[in-house]
Number of protein chains: 2
Amino acid sequence: MNDSRPIRAKRGTNHEGTSAHNRRVMIDALRINGALSRADLARATRLTKQTVSNIIEELERDGLVSSQEAVRKGRGQPSTPYRLVPEGAFAVGLQIDRHVTRAVAVDLVGSVLVRDEAGLSPGGPSQGAKVILDLVASVRSKLAGVVGQSEKRLVGLGVAMPGPFGVAGSGDDPWMMEAWQKFPLVETLTAGTGLDVDLQNDAAAAATAERMVGAAHGLDHAVCLFVGYGIGAGLILNGELYRGANGNAGEIGMALLFADGKSTPLEHRASLASLYQHLSADPADPDLHARINDLALSGDRGIDAWVEAAAVDLRWSIHLIETLFDPQTVILCGSAPEALVNKLIAAIGPLLPSIAERRGRILPRLQPGMADPWSVALGAAAGPISHAFDPRFAAILKDSL
Amino acid sequence: MNDSRPIRAKRGTNHEGTSAHNRRVMIDALRINGALSRADLARATRLTKQTVSNIIEELERDGLVSSQEAVRKGRGQPSTPYRLVPEGAFAVGLQIDRHVTRAVAVDLVGSVLVRDEAGLSPGGPSQGAKVILDLVASVRSKLAGVVGQSEKRLVGLGVAMPGPFGVAGSGDDPWMMEAWQKFPLVETLTAGTGLDVDLQNDAAAAATAERMVGAAHGLDHAVCLFVGYGIGAGLILNGELYRGANGNAGEIGMALLFADGKSTPLEHRASLASLYQHLSADPADPDLHARINDLALSGDRGIDAWVEAAAVDLRWSIHLIETLFDPQTVILCGSAPEALVNKLIAAIGPLLPSIAERRGRILPRLQPGMADPWSVALGAAAGPISHAFDPRFAAILKDSL
DNA sequence: CTTATTAAGTCAAATGTCTTGACTTAATTA
DNA sequence: TAATTAAGTCAAGACATTTGACTTAATAAG
């Protein structure tokens, strides 16, 4: 009956795929350009005026776009610009970190409407899952308080946590949150919330956030170097987040550096974890963030020494990212205190020579991105929004989620 | 009239895009699985039997697929498998190297039908262009001799040459083929041949070849580490060659390594160029390839020393590729003599620990790929074939070339 | 002030591609 | 010999985009 080997093939598409894509293209165009008339959209997407009119009408019925006042610009009938309706969709984002978990609710344009956090006691995932589910429930009810009907327009739950995922662990590496790696988190959250759950590592989440509302807005090729408790790269390639074969692409923190005859992962040299170790600080201390900001501002010797050393590794990381990914720009972001990020950026320059030194370059090679403890949770929430509304190859194909 | 800033948007799609994609999906499925019945194709692509029938009929009319003898496999009407017709399409591939240029003609399934080469005297691009155009013309006429009607089915001219492209040059770096970088090669070849011209760097071409007929066949996430006169990585991400924002993604040869207090590009340490320098050999010597193969086989001390040193850098390169791209597998390929490649692979193992060490891994982390002086030209030719027949996001969209 | 021109947007019919459901064909199994 | 299973076809239907003519509403020109 069944032939020996399974048949491997890509999926076909049909009318639904076509119109789904065209709807996404409209939303994307409005997101990038702000507000556009039907005629503008038709020209930009190469679709006909009539098609655009049909789709816009449908999007308006669905509450995703709305018209603005007509504008007169020269001869001809005035055009009616359309814009995205922020309340058209919502998503909840969740950052699971070592000691805390943060949740936000965002709208279609990426504005944060609700934020809340909870401590993660060392009870491990099974206890932690309860805390997390309560936190999500709390954010959902607060969101409902801010905007009615939000539940109907909730497109999913995005989760960000440190990677890598599914790797044969070294057994006792405290940097890897081993217990969480083995826990069936996505299944638990799906069952516990009834929402579609989208998991990414925190660097990817940071990149997703930068693409929706930050420095990567409208860019199709950008890499976010994320410096948090760990370090990683979030990859925007061809206009989509690139995850790799197993969701671990960009885990640059695992890259081994050779110096002084031994090899060390980048993560042990240039990350907040390494800074905490350098300062003998307790990562669980809730005031640590503020204190490090103050220390950075006051020119603390310990901080400066770490910054100098980390800058060398970051400079090289950026060089490597430019060399391998050839992005339009590299964005330095993180959950580090702002003053520290500023010091880092100052210390990183000048950049190493690379293929990024092109004639006619427009964007800077390195740009600062968000450095806010909440940016990862925001990026987590941006995941489901992007999944639901951004133009993606997979979204055209049949049977794609 | 014109609004201030141009509107940026992705393109929409329509019926033509749909059917173009579905045709490509069929061809792709046949390429990967060998031969499939209409019912198999319908199941694999999630399209209906009827749609598949219509498309197969059309592909058969176009001479791209043909039916095989019906096979009985259990109850029910016997199925009629369809396969790709090799003579359904052809492409010419061109490798432009420092001292020679090679051209091949391949068919739809990637078989090389004609090969020819010519020396590139140091006269520079303007003289070289004439040699190249003559070579292409020669290959085309030989192809016409082998198969009639080939010109009608010629989908394009693929060109591979060392990158990077468009980078603000260091002025006098002999490794960069500076003069060729400035020459309007694509325009000249388009005008001189009347064909669509597709340019990629040689590592990308090697990856394209591996994907069509080599170790990356059917894989959606694979990286080819190409060791030739230079060194580079060809990236297959999400089933397509990834080129980066400027066509320079994967140029790992430009990566700077720090050791002994100074920085050196990887290309100066692990490439045939570095080997030639190590051996004080003349790269222009036509017998060099064979001689190095012999030296490698005979256990030459100089070769072995270079292999040991290069293996360290290659081991690290593979580690870095695994860490940043998270591919299903890494393929080591090149235009190096086979005996040398074998030595290198032996010397590279064991690999460094990385996120590629997963539970339930199926493919090996490192696989040997093609190591044939003609593989780059083959990959160059595979470019237009892939462009014309592989499922690609861009091919669905309107006005896409 | 009137008319021509330009551009946005709508209407209704046509087109193209996939889908649906019934049907035919041809094998194996009971 | 009849029932079952599966491949493949036929004809009608569904759906989204396209086409071309038309309406609306502004500015520019005479």
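Order of the sequence lines sets the chain letters (A, B, ...), proteins ahead of strands, with each chain counted from 1.
Residues satisfying the salt bridge (charged side-chain N to carboxylate O under 4.0 Å, His left out) test with B:D390, not counting sequence neighbours, are B:R31.
Straight-line distance from the NZ atom of A:K49 to the P atom of D:dG20: 12 Å, rounded to whole Å. A:Q77 places its CD atom 5 Å from the C1' atom of D:dT24, with the value rounded to the nearest Å. Between the CG atom of A:L47 and the C1' atom of C:dT15 there is a distance of 16 Å, given to the nearest Å. Between the P atom of C:dT17 and the NZ atom of A:K398 lies a distance of 16 Å, rounded to the nearest Å. Rounded to whole angstrom, the span from the CD atom of B:E16 across to the P atom of D:dT18 amounts to 8 Å. Rounded to whole Å, atom P of D:dA7 lies 7 Å from atom NZ of B:K73. The CG-C1' distance, from A:N54 to C:dA13, rounds to 14 Å in whole Å. A straight line from CD of A:E57 to P of C:dT10 spans 8 Å, rounded to a whole angstrom.
Between D:dT18 and A:T48, a contact under 4.0 Å exists linking OP1 or OP2 to a side-chain N or O. Side-chain N/O atoms of B:S37 include none lying less than 4.0 angstrom from OP1 or OP2 on D:dA7. Between A:T51 and D:dT18, a side-chain N or O to OP1/OP2 separation shorter than 4.0 Å is present. Contact between the side-chain N/O atoms of B:R38 and the OP1/OP2 oxygens of D:dA6 is not found at any separation under 4.0 Å. Remark: B:R75 is not in phosphate contact with C:dA30, judged by side-chain N or O atoms under 4.0 Å from OP1 or OP2.
Open room surrounds CG on A:D196; 12 or fewer heavy atoms of other groups in view lie less than 6.0 Å from it.
Contact annotation: side chain of A:Q50 to base of C:dC11, donor-acceptor pair present below 3.5 Å. Taking 3.5 Å as the limit, the base of C:dT17 and the side chain of A:H15 contain a donor-acceptor pair of atoms between them.
Comparing A:T80 and A:N14 by the nucleotide of DNA chain C whose heavy atom lies nearest to each, the residue mapping closer to the 5' end is A:T80. Across the interface with DNA chain D, nearest-nucleotide mapping of A:N22 and A:R72 shows A:N22 to be the residue nearer the 5′ end.
Taking 4.5 Å as the limit, some side-chain heavy atom of B:I56 sits within range of a side-chain heavy atom of B:L41.
Using a 4.0 Å heavy-atom distance criterion, B:R46 is classed as making no nucleic acid contact.
Ring geometry for B:H15 versus A:H15: interplanar angle over 60°, hence perpendicular rather than tilted (30 to 60°). The aromatic rings of A:F325 and B:F325 lie tilted to each other, with the angle between the two planes from 30° to 60°.
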